[in-house]
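Beneath this line is the structure, given in structure tokens, with notes to follow.
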Amino acid sequence: MQVGKVQVGKVLCEHDGFVKLIALVTLHCGDFEAQAVGNVLNGLAVLQTDLGVKSVDDKVALQLVCVVESTARTMNAQGIAVTLNAMCKLEAVAGVMSPSGWDAVARAVESTAWDAQDAGLTLNALRKLEAAAGAMSPSGRGRVSGDDRSSGMGGGRGGSRGRGGGTDSSRGGGRGGDFAKLLPLLTDAEYPEDILIIVRPYMDEVESPQLLNHKEVARAFQMLGRLAKWEHQGPLYLLSSRTFRALLRIAKDFADSGKFNRTTIMVAVAGITDLHVKHQVRAGNTVVDDTLSALEAALGRL
């Protein structure tokens, strides 16, 4: 069978239609969307590994990595898995990927919902692509590996983070024993997006803010303020995030109901203030203003 494959590869290399096909890839590469670039990379990888057809030169490789970087944020789990596994086989492509390109892929990995099959394929690729693995944050690695799911993140409503298992009286309900794990995840985050990824699974039940406790909410705002950069996205980015708005509403609910203590109020207010100073939120937004007013009122009652 291997001899047959080599013969097929030799015929392909000499066929005018194949040469034209690669020329079309080069010509239209910049117009590829996320799914298309993953499929093309996979096809080129199959040609190279199975048929011995090396059709990716430096020019094509540079064009492909530029498309991967620009489309990474729109890739789904399957697209990420296909792209990374193809790049494992295409050294010419992986070798010219820039640090910003790996960073874009890492952020896509960290913000994607994973099933077991795609997560397994992606983890296998990350073990071979040191640059991609190095760009991942600790929370991102935990997310794709399932460590956060095993601690209650990403599960269903009846699963390990259901309401009945907790004993922490500050919760008003239970996620079981994962309290000690969530705070370190928040503290170890490297990007504001990491914070939103970490807390998002605890917000699928809008009427159940007890899925987070006051320390976790305060720490989330503290780390958002600390990690935000002056030039990062701007105020519309955070305020357009449903997770961030939900976090503000939970903080307001905790303030109104007396679940914060003096320390966690100060921590939360300081974090929101940092976001305001760095132009990540702005005064005049109803949700932000209402939350700050509730926190200030709660502090006055203590």
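Keep in mind that the numbers below use all heavy atoms, side chains included, and drop hydrogens, waters and symmetry copies. Residue numbers run from 1 in the order of the sequence given.
Listed here is the closest heavy atom pair of A251 and F221: CB-CE1, 3.7 Å. Between V65 and V93, the shortest heavy-atom contact is CG1-O, 3.3 Å. In terms of heavy-atom proximity, M75 sits nearest to V37 at CE-CG1, 3.9 Å. Scanning both residues, G225 and K278, for their nearest heavy atoms gives O-NZ, 2.9 Å. The two residues L186 and E216 make their nearest non-hydrogen contact at CD1-O, 3.7 Å.
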For this session: Check the pair R107, R73 against side-chain contact (heavy atoms from CB on, under 4.5 Å), reporting the backbone distance first and the verdict last.
Result: CA-CA 7 Å; R107 301 290 81 74; R73 60 186 174 80; over 6 Å; no
Problem set entry | D256/K252 under salt bridge (Lys or Arg N to Asp or Glu O under 4.0 Å): CA gap, chis, key distance, verdict | CA-CA 6 Å; D256 290 339; K252 180 181 183 301; 2.8 Å; yes
For this session: Tell me, with the steps shown, if V82 and L41 meet side-chain contact (heavy atoms from CB on, under 4.5 Å).
Result: CA-CA 8 Å; V82 168; L41 284 167; over 6 Å; no
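Shown are T264, L248, I250, D253; of these, the side-chain contact (heavy atoms from CB on, under 4.5 Å) with V217 is made only by I250. Applying side-chain contact (heavy atoms from CB on, under 4.5 Å) to V269 and the options V267, I265, I272 leaves one that passes, I265.
For E69, the CD atom counts as densely surrounded, since its 6.0 Å shell holds more than 12 non-hydrogen atoms of other residues, nucleotides or ligands.
For the pair L224 and F244, the minimum side-chain heavy-atom distance is below 4.5 Å. Within the 4.5 Å cutoff, no side-chain heavy atoms of D274 are placed close to those of R226.
At distances below 3.5 Å, not a single donor-acceptor pair connects side-chain atoms of R219 with backbone N or O atoms of P184. A donor-acceptor pair is defined here as one N or O able to donate and one able to accept, closer than 3.5 Å; no such pair exists between the side chain of W102 and the backbone of E130. Checking side-chain atoms of E110 against main-chain N and O of S137 turns up a donor-acceptor pair under 3.5 Å.
S100 and D103 share no side-chain donor-acceptor pair at under 3.5 Å.
For R245, there are no salt bridge (Lys or Arg N to Asp or Glu O under 4.0 Å) partners, not counting sequence neighbours.
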